[in-house]
Amino acid sequence: MTAAGQRDQPAPMPLWAGRAAALLGILLVAFNVRTAVSSISPIADDIVIDVPITSVEFGFIGALPPIAFAFSALFGAAIARRVGVERLMGVAILAMIVGHLGRASFTSLGMLIAGTMLALAGAGIANVLLPPLVKRYFPDRIGLVTGIYVSVVSVSAAVPSSLAVPVAEAGGWRLSLGVWAVVAAVCLLPWAVILVRQHRERARALRGGGGVEAPAARLKGSLLKSRVAWAIALTFSLSSGHVYAAFAWLPQLLVDTAGVTPAEAGVLLAVYAIMGVPAALVVPALAQRMRNVGILVYAGILSFVLGYLGLLVAPAAVPWLWAVLTGLGALLFPVALTLINTRTRTHEGSVALSGFVQGVGYGVAALGPLLFALFHDVSGGWVLPLFYLIVTAVATVFAGWHLRTPVFLEDELARHER
């Protein structure tokens, strides 16, 4: 039951055939796009000993990732059309390196915010560029490569938080923050190889009379008019908004309602997070092959709703099951990333759709923890916040309905232009 239009895809080649640098570059970047998010909070107590920062100010730092990702996504796609995806990836990696170094050497709140924003901006632009890079270098393996890199993102989100304290104990908190600049620098190597190769190819084309490379074609029409773009953005928004809310509030909710200890709540949060790995490995391949991708959207929504209902009705009964169910709801994240490529016909369309989906998605996701906290404060309990999550999950059924047939972005925009 292959989606219409996928008959034109090239036959699969060996994964490494002529594109080893691209695969390595994609996976290394995927490992680095969450390091700025999770490397600082575990060592907050060590930092405040040397630099006077309040808990409120640290809370502001924690709210920066989705905001920075949203702005980076909205502007990153436009910049990529001008300078090229590979060149912009090099700039994004440099921003991450400088940002990490700035965070490691800060002496004031302003320096910490500047370094954090720079590192997050680089990571946000990299987030936007990864789906189009998969489409450019692996058009025959979109589901497989998307699944692998999303799995790397899921696993790597836990690595900085687990290493932060041991590294800080061994060499200080500045080393614990600065070491990620070295890890980011490794990402430059495969992209440097690719950029040098592209430069040589352009030079040979000019010497051979090939002329100047034609600029990429621009999409006709506004993505604001596209139902496909809004459906994928809504799917992405639901997953990201609920995940950010869970990481911010799930441990406290479980302690208050399920009677678990803080340590047990931390383990349950890890169970929640690790559910993203099997989803990332399986879902992209399904999303590429299925004609009605709405089924996957409905599955994610159902998993979210069942988990939240369990937390409402019987939180202490089987808290691990509620953590598993809500964690599996995040399968909507790899679904959305896969659809960025499978619902576009061109590389240019993939770049534009990636920027739109992640810009809207992370913008909405930034409201997730805030609204959850607001409903908790207003009600003094967890019932109203959980109802908020259930209602927003059910509302995403409309996205699944619009994704039931394989409509392509370029085709939809062309119809609007006629």
Side-chain angles (χ1 to χ4, degrees), residues 34 37-48 55-56 58-63 65-66 153-166 168-169 238-279 300 303-331 333 365-390 392-393:
R34 295 294 182 268
V37 177
S38 56
S39 60
I40 191 168
S41 58
I43 55 174
D45 292 339
D46 296 330
I47 294 174
V48 297
S55 58
V56 174
F58 255 112
F60 175 74
I61 297 297
V153 172
S154 300
V155 172
S156 68
V159 173
S161 59
S162 62
L163 294 181
V165 173
E169 290 175 347
L238 175 67
S239 175
S240 299
H242 284 215
V243 166
Y244 277 105
F247 273 103
W249 294 103
L250 184 60
Q252 184 179 339
L253 184 154
L254 289 169
V255 170
D256 291 349
T257 63
V260 302
T261 66
E264 291 169 338
V267 172
L268 289 170
L269 182 62
V271 170
Y272 170 90
I274 206 67
M275 288 300 101
V277 177
S303 189
F304 270 138
V305 171
L306 289 176
Y308 297 143
L309 287 175
L311 290 171
L312 270 174
V313 177
V318 276
W320 64 267
L321 178 59
W322 314 140
V324 167
L325 286 171
T326 51
L328 285 175
L331 67 86
F333 180 71
L367 298 175
L370 177 63
L371 291 175
F372 193 90
L374 178 63
F375 289 127
H376 176 58
D377 290 343
V378 168
S379 65
W382 299 104
V383 173
L384 188 59
L386 285 170
F387 267 115
Y388 152 71
L389 294 180
I390 291 171
T392 53

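Basis for what follows: all heavy atoms, side chains included, without hydrogens, waters or symmetry-related copies.
Atom OG of Ser154 sits about 8.5 Å away from atom CZ of Arg34, to the nearest 0.5 Å. Here Leu384 contributes atom CG and Leu371 contributes atom CG; the two are 10.5 Å apart, rounded to the nearest 0.5 Å.
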Give the table of side-chain donor-acceptor pairs shorter than 3.5 Å for residues 303-318, with sequence neighbours excluded, one pair per line with atom names and distance.
{"residue": "Ser303", "atom": "OG", "partner": "Leu325", "partner atom": "O", "Å": "2.4"}
{"residue": "Tyr308", "atom": "OH", "partner": "His242", "partner atom": "ND1", "Å": "2.8"}

Less than 3.5 Å apart, which donor and acceptor atoms pair up between the side chains of residues 244-259 and the rest of the protein, not counting sequence neighbours?
{"residue": "Trp249", "atom": "NE1", "partner": "Pro369", "partner atom": "O", "Å": "3.4"}
{"residue": "Asp256", "atom": "OD2", "partner": "Trp382", "partner atom": "NE1", "Å": "3.2"}
{"residue": "Thr257", "atom": "OG1", "partner": "Leu253", "partner atom": "O", "Å": "2.7"}

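Nearest approach of Ala323 to Val271, heavy atoms of both residues: CB-CG1, 4.3 Å. Closest heavy-atom contact between Ser239 and Ala330: OG-O, 3.7 Å. Residue Leu386 comes nearest to Phe372 through the heavy atom pair N-CE1, 4.3 Å, listed as atom of the first residue, atom of the second, then distance. In plain terms, the two heavy atoms of Leu367 and Tyr388 that are nearest each other are O-OH, 4.3 Å.
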Next item on the list: Could you go through the side-chain contact (heavy atoms from CB on, under 4.5 Å) check for Val243 and Phe333 one step at a time?
Entry: CA-CA 10 Å; Val243 166; Phe333 180 71; over 6 Å; no
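Between Ser379 and Pro385, the closest side-chain pair of non-hydrogen atoms falls below 4.5 Å. Considering only heavy atoms from C-beta on, Leu389 stays 4.5 Å or farther from Thr326 through its side chain.
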